Structure formats: C-alpha cells, structure tokens
Undergrad: 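Mind having a look at this structure? Questions to follow.
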Amino acid sequence: MVLEVSRLCVSYDNTQVLRGVSFTLGEGIAAVVGPNGAGKTTLLKAISGLINYEGSVKILNKDLSSLAAEERAKLVTYVPPIVDVMPDMSVGDLILSDPLIDRELLEQYVYLFELSTLLKRRLSRVSSGELSRALIVKGLSRNSRIIALDEPLSHIDMRFQLILLKHLRTLSKEGKTILIASNQLNPLLNYTDKIIALKKGETIFTGNTTDFIKTNTPEKIYDVKFETILKDKYIDLIPTP
Amino acid sequence: MVVSVSILFSAFFTHLSLGYRVMNPLSVLFSGITQLVEGGLGVEGYRVLRVLTAVVVGAALAFSGYLMQLSTKNPLADPYILGVSSGALFAVSLTLSLAGFVTHPLMIGVRFLTAFLGGLVAYLATLFVASRAGMTPTSLVLAGVAVGTFFYSASLLPQYFISRDIHKLIAWSMGSFVSPSASVLVLMVLMLSLTTCYVFFVRHPLNNLQVSDDFVRQLGRDPAKLRRYSTLLASLMTSLTVAWFGVIGFVGLAAPHISRRVLKSSDLVFVLPVSVVLGSLLLTVSDLLSKVLIVGVEIPVNVIASMIGAPVLALALVELRKYGS
C-alpha cells in the first residue's frame, strides 16, 4: 500500500473536523467527495503533513510524522485551490518559486496547460481558471509519489478538466497515487479508481464507482436525488428536482 | 542590477565631492577613510561617514519594507506607513527629553532599545487594528496611519514640555544625516548582515509566503514563525535608523515597488537586492539634494525622501485599484 490512513482525527479550536477517517490507497486515482464542510480539504492537508492530526498516516510504510520536511515533500504534494496572492506577482514567479520542482517536467506542463504566453502576466490580471492552472502546474512539477489536488476542477474550463484528468490517469498508470477533492462528480466519476465519500468528518463510503452508485451514496451525501445515465460505459449523474 | 549599482556609485561620488566646497571625490574618499581609521574626524572623514550612513540606512529601510510587504502579503506595507517608525520616534523622543542628549556610550544601547520597543508596540497595534478590520491592503494602511499619527503626535508632547536640547530634538525627529556616528554605522552594518544571513537561509519559504502558507509548510517551515522573525528583524533595523536619524518615510515602500516594476517580477532573489540598492540610491540622492539645494542650509533628508516616496505610494494605490485587488 502507498498510503494507509487509520483513525485520523483533526480538530480546529475544539471543533472536530475529521472523526476517525480510515482508508488505504495503492496506485491510481481516488476521488474525495462530500458536501461543503465535510472535511475534504482537511483530509488532504493532513495526509500532506501540513496540519496536526491524531491517528496514523503511513506513506510507503513510513510514518508521516517521522519524515523530514524535504523527504515528505518528495513523497507528497498538496495542490491548494485558488489562493490570495501578492497582487503584482507574475504567473512565472508563482510556478518558479519552488526549489523542489523538476525544471524539465515544468516546461512540459507549461506547454500542456497552455501557460507559455501567460508567464509574464501579473496574477492580478489573470482569470481564476488561469491561476488555477498555474497552481496545478506548480504542484505536478514536483513529481512526488502522492499528489493531493484540492478542488482542481472548480475554476478551469471543460477542456482543461479533461486534459487534467486524462493526464492524471496516465500518471496513475505510471505508478502515482492521486487524490482529488472535488464535487464535480461529472466528469470525475469516469476517471477514478476509488471514491472516498465524507460526511461530517466521517467516511460513509469507500469503494469503486459502480458500488458508489449502487449503494445510492450520492443521494446520501448531498441529500439530492440523482438520475444515472450510462452511455458507452460513460457515467453521468443528473440531479433531479 | 548593474544599472542601479552604477547609478548608486555615481551618486556616491557626487555626494562626496559636493558640499560647502567642491572637492575631488577620490581624494575625499581616501583621506576620509584614513581619518576614520585613525580617529580625529575632518571634513573628508565626515563626508565619507555621512554618505556611507545614507547608503546603509537606505538599504536597511528598503530591506525592512520588503520584508514587511512579504509578511503581510501587501505591496503597500512599509515601516513608516505601518506606524513602526512613529512608535520608535515617540519612545526615543521621550527618552531623550528625559535624559537629554547624553554622549555616554551606554546611550547607544538605551536609544536603540527604547526605539525597538516603541516600534514593536506600534507595529503590533497596527496589526491588531488591521486584523479586526479584515486585513485587506487598505485596512492595513489605514490602521497604520491611525497608529502612526497617534505616536507621532505623542512624540511632540515631550518636545513641547521640555525645552532642554529642543533644537537638537526637533532636528533629529525630522530625519537627517547631519550627525553621523561611526559606531552606529558599524551597528547598522552588523544588523543588516544578520538579516541578510537569515533571509538567505529561508529565501525559498519567504518567496512562497507571497503565494500561500501551504506552500511554506510544504517546504518545512512554519509560516507564522517566518512572519514573526522577519518582521522582528525589519522592526529592529527600522528602529535602529529611527533612534539615530529620525523618521525617514516611504523608502521602504518606494524601493521594492520600483524594483518590482522595473524587473517585472516579484521573485525575492532578484527583487530584494535591487530594492536594497535602490533604497541606498534614494537616500544618497535625497541627502545630496538636502545639502546642496540651498547652500549653507541643511534640509531634513526626510523632506526630500518623502517627496520622492509619497508619489510612489499614490501610484501603487492607483495600480492596486486598477488591477482589482
């Protein structure tokens, strides 16, 4: 197993955000879904070693808390959602401000996510989708074993969503473990090997997409009825009023 | 970088040669250094000491301003705008009016310490008010103005009640390099080197402080600690300059702003050195103007520096609005 999480608990100021989350992940893509405030971001930050937690997180059989920062950064990267940045920073400054990135990989990603013409532009003048692409490029260029992306699909357009998901699938086949926290079940469901559904800080489901739908989990987590459409193995969930 | 350093050099030598009499800058430099080493300060020694002071103070203020901008993620931050300088001014003003301009060596420590405490209290007050007001760039600046005005006005009180050394006190509080001191210069250089070492050591996490605290944590540093240490060092440097040379505003804002604009980047590795050189340049030119604009009269250097720096603040404000921050 690449990632083993057991009885993970996190509290902020006496409010418990994660209440004993456990799961294991091998290579592949895992989607972390759940309503707003379910603890998705907290879970990703905890397994990236960015916040204090109780319970245990093991990466390749090593305890996360015993790893030095540099070693940890090589194993796991957290890609934040859109952030507030210094207004006159440029896209180039943003993606180059990391000593751990692989320059060759970075160049490929800049090309893949079409940022080459934006490198000189200031972040206060790019759209949220472009900023999101820059953050994704920065995170992927670290080339770490586990990549935890927080809401990567929320700001980028449909074409880049597909470019990102297809590329993540390639990476997962090359042996990476990828976690995506998102509520964009479509198209996400069609690209994941495993789904971890959170509600109020607890795991209410872990398993594959077919079981996710069979057990009616989408309705349980969002309190909305869904109609499932299956076409050439492509799953689409449509909320019904 | 090369351009800014060469302009600084020419300003440096012009500064040396102009004054009450025009002299050959190179001979001023050599005999000045000899005088400084052997003790016994002549005209040349004085000129060298004064220009070096302008260079070092400019560097320290620009450095402080840049560190404050990084830690608050706010391009408008500067030790003067955030009230640190006025806090230090008040503390030193109070000490000096109680103790007078004593020339005991211990006084260096006392002045420095009170300045630091005053600056720190003012900075914390500004951060407290700003965080209550939502910590936006504008709220931080306005909180700084409120705190700064309070301490600046308070610093006038002791001057009003105590008439001892009143001229010296007023001249000092207006910001000037008329009375440079070799030991203070050495102290400042030490402080600058200490800060440079620290910043060099944490340059990558500091750079990421501009983006997101999560990136800083991924590099194995605690962003809160990084902020605390860098603002502490910035306040120390600023207080040291205020303790001796009074309040000199806007250098810390203008130098990093211009260098980011010219370099079209905000990468610390490029912006910081250029800012420091620009800060030195700004104060060297300001001090040069302050002594030659009206022959025989010394205009406080802060008057000139602020007249250059304040328009840059106005520009920065307009740009922030234009880019929708």
Side-chain angles (χ1 to χ4, degrees), chain A residues 41-42 44-52 67-101 119-128 131-132 134-135 138-139 141-142 144 146-150, chain B residues 66 68-77 134-138 200-224 253 256-272 315-325:
Chain A
T41 296
T42 307
L44 294 197
K45 283 190 179 180
I47 61 141
S48 313
L50 303 183
I51 50 175
N52 294 327
L67 295 176
E70 200 138 308
E71 206 178 344
R72 193 182 69 206
K74 272 181 201 147
L75 284 176
V76 50
T77 293
Y78 170 76
V79 183
I82 294 256
V83 286
D84 258 341
V85 293
M86 190 89 144
D88 48 7
M89 201 176 198
S90 71
V91 173
D93 291 334
L94 173 78
I95 55 182
L96 286 169
S97 61
D98 195 329
L100 302 167
I101 49 170
L119 290 177
K120 290 258 167 208
R121 192 169 301 173
R122 282 195 268 166
L123 290 175
S124 45
R125 308 197 78 181
V126 300
S127 73
S128 55
L131 175 57
S132 179
L135 288 167
K138 177 171 162 135
S141 307
R142 276 243 191 114
S144 40
I146 301 174
I147 304 163
L149 298 110
D150 197 354
Chain B
Y66 186 66
M68 287 182 170
Q69 292 177 8
L70 281 191
S71 344
T72 56
K73 224 192 243 187
N74 185 340
L76 300 181
M135 208 62 186
T136 60
T138 344
F200 180 78
F201 197 59
V202 296
R203 63 193 187 283
H204 292 306
L206 258 184
N207 222 349
N208 274 283
L209 214 50
Q210 304 180 76
V211 190
S212 155
D213 285 6
D214 288 324
F215 286 129
V216 179
R217 286 195 196 95
Q218 296 197 45
L219 296 174
R221 297 276 169 180
D222 179 354
L253 172 99
H257 189 81
I258 298 171
S259 75
R260 272 195 292 260
R261 190 68 51 259
V262 171
L263 294 171
K264 288 200 170 54
S265 162
S266 54
D267 190 341
L268 178 140
V269 179
F270 303 110
V271 175
L272 180 59
L315 252 174
L317 266 174
V318 172
E319 280 187 357
L320 260 185
R321 172 124 186 103
K322 198 161 72 188
Y323 298 130
S325 172

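All figures in this text were calculated on a predicted structure; none of them were measured in a lab. Every chain is numbered from 1, with letters handed out A, B, ... down the list of sequences.
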Undergrad: If we define contacts as heavy-atom pairs under 4.5 Å, which of B:Pro75, B:Ser266, B:Gly220 has the most with chain A?
TA: B:Ser266
Undergrad: Which residue out of B:Gln218, B:His204, B:Arg260 racks up the most heavy-atom pairs below 4.5 Å with chain A?
TA: B:Gln218
Undergrad: Quick check: are there more than 12 heavy atoms from other residues, nucleotides or ligands sitting under 6.0 Å from CD of A:Glu70?
TA: no
Undergrad: Which of these passes side-chain contact (heavy atoms from CB on, under 4.5 Å) with A:Ser97: B:Val211, B:Asp267, B:Leu219?
TA: B:Val211
Undergrad: Sort A:Leu100 into side chain, backbone, both or neither according to what part of it lies under 4.5 angstrom from a heavy atom of chain B.
TA: side chain
Undergrad: Less than 4.5 Å apart, side chain to side chain, heavy atoms only: is that true for B:Phe215 and A:Leu135?
TA: yes
Undergrad: Going by the salt bridge (Lys or Arg N to Asp or Glu O under 4.0 Å) test, which pairs reach into residues 213-224 of chain B, not counting sequence neighbours?
TA: A:Lys45-B:Asp214, B:Asp213-B:Arg227, B:Asp214-B:Arg217
Undergrad: List the residues meeting side chain to side chain donor-acceptor pair (under 3.5 Å) with B:Thr72, not counting sequence neighbours, and say none if there are none.
TA: none
Undergrad: Rounded to the nearest 0.5 Å, how far does OG of B:Ser212 lie from CG of A:Leu94?
TA: 9.5 Å
Undergrad: Do you know which of B:Asn208, B:Leu209, B:Leu268 has the most heavy-atom pairs under 4.5 Å to chain A?
TA: B:Asn208
Undergrad: Roughly how far, to the nearest 0.5 Å, is the OG atom of B:Ser265 from the CE atom of A:Met89?
TA: 8.0 Å
